[in-house]
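Both ligands and their constituent atoms are indexed starting at 1 by order of listing.
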Amino acid sequence: MTTASYLLNCWYASAWSDELDAGPVGRVLLDQHVALFRDNTGKAYAVGGRCPHRFASLAQGKVAEDGSLQCPYHGLRFSGDGRCVHNPHDQGHIPDVSLPTWPVRERHGLAWVWFGDAVQADPALVPDFSFMDESKWEIIRGVIHGAGNYQLFTDNILDLSHAEYIHSGLSAPAFIDGQRQYRSDGTAVWCHIEHPNDYVSDVMAATFDVVGRRQNFWTDIRWTPPANMLLIPYLNEPGGTRETAKAAPSLHLMTPETAGSTFYFWAVGRETRLNDPEFTEQMRSGFIHAFENEDKPMIAQQQAMMGGKDFWDLEPLVLKGDTGAIMARRKLLQLLREEQTAAGD
Ligand code: FES
Ligand SMILES: [Fe+2]
């Protein structure tokens with residue numbers, strides 16, 4: 001398997017839905033130029049992003065009044081099913097050309113794209129992040145673009161012990177000293193961290209409004225292939241029950257741009273300090289700082305240090321705390337092999 005192999009028969013987060021509300025979005029996803037846009041009824045489409053005429057970026061164009069995507073260079077138009085539907089030249093003759101297209105489903109505020117066999121694109125397979133749809137959570141979110149293979153971004157979430165070393169605001173004894181358990185469930189991998197009666201990180205303490213108070217802390221992380229994670233930290237007062245715990249659910253979705261670069265869609269919800277816009281902005285800038293200035297340069301550096309070699313060929317040292325990350329990598333490798341075997345590669 002080369003590092004440029006991707007699992008194809010699954011949904012990839014490709015844009016926040018409101019990114020598409022603002023106009024066409026052009027991204028390279030899984031090494032392919034993709035233009036995402038809404039037609040004039042609001043339906044979202046994903047088509048090849050490179051104009052077949054002189055290779056302009058179609059996403060730099062606009063949605064015409066007929067709902068098709070108009071190339072910014074010479075005005076050819078393409079409908080969401082990829083067909084050329086308008087040629088302002090050649091007396092209107094429509095060339096026999098069409099763009100690649102991929103199924104799109106919008107769920108949980110995201111546009112998900114299926115790059116595999118379109119017949120298998122079952123909307124029920126969009127991973128469940130239903131906290132995004134529940135009004136009880138106040139949610140901040142964003143997307144980060146960074147150098148590094150998407151599986152390095154996955155490792156970063158599944159092994160939170162790095163927080164102690166690179167995230168001053170997120171470091172906490174739980175990630176090193178906490179009791180960690182791992183299990184697989186179908187194609188999912190679950191990591192569980194538990195650490196009672198201790199101080200939590202500064203960011204967590206502020207988010208849950210428990211600054212200076214010891215807490216029972218536990219976190220569940222669910223990984224599903226290829227690189228989608230639900231991460232839910234819980235806190236309660238020592239002596240409290242699980243039922244009285246407060247949570248801060250988050251999603252971390254890694255979509256490969258290329259083998260060496262990734263789009264990282266993130267969102268964090270809270271049920272404390274609601275309707276506090278100043279705190280919301282503090283929290284947003286805190287998370288963006290951690291992702292952009294702390295995780296991202298580290299992952300870019302790891303990618304560079306790997307020098308184009310395969311992860312397994314480098315014989316990585318495996319520590320107990322990265323068991324979940326290793327389980328996820330092995331599961332993904334197994335699924336890739338199964339998919340490629342089924343495709344007759
Ligand atoms: S490059 Fe698109 S119409 Fe010419
Ligand atoms: Fe991190």
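At the shortest separation from atom 1 (S) of ligand 1 among protein heavy atoms lies Arg54 N, 3.3 Å.
Applying the 4.0 Å criterion to heavy atoms of Leu76 picks out, from ligand 1, the atoms 3 (S). The contact set between ligand 1 and Ala56, taken as ligand atoms under 4.0 Å from a residue heavy atom, comprises 1 (S). Listed by number with element, the atoms of ligand 1 under 4.0 angstrom from any heavy atom of Tyr73 are 1 (S).
Its N, O or S atom nearest to the Fe ion (ligand 2) is what matters here, and for His162 that atom is NE2. Taking the Fe ion (ligand 2) as reference, the nearest N/O/S atom within Asp295 carries the name OD1.
Side-chain N/O atoms of Tyr264 and Asp295 include no donor and acceptor closer than 3.5 Å. Neither side chain, Trp16 nor Glu19, offers a donor N or O lying under 3.5 Å from an acceptor on the other. Side-chain contact of His89 with His74: a donor-acceptor pair under 3.5 Å is absent, judged by distance alone.
Put simply, the angle at atom 2 (Fe) of ligand 1 from SG in Cys71 to SG in Cys51 is close to 110°, to the nearest 10°. Rounding to the nearest 10°, we obtain 90° for the angle at atom 4 (Fe) of ligand 1 between His53 ND1 and His74 ND1.
Taking the six-membered ring for Trp and thresholds of 30 and 60 degrees, Trp114 and Trp11 have ring planes more than 60 degrees apart, a perpendicular arrangement. Taking the six-membered ring where the residue is Trp, Phe287 and Phe291 present tilted rings, their angle falling between 30° and 60°. Ring orientation note: the planes of Phe129 and Phe131 are nearly perpendicular, at an angle over 60° on the 30°/60° scale.
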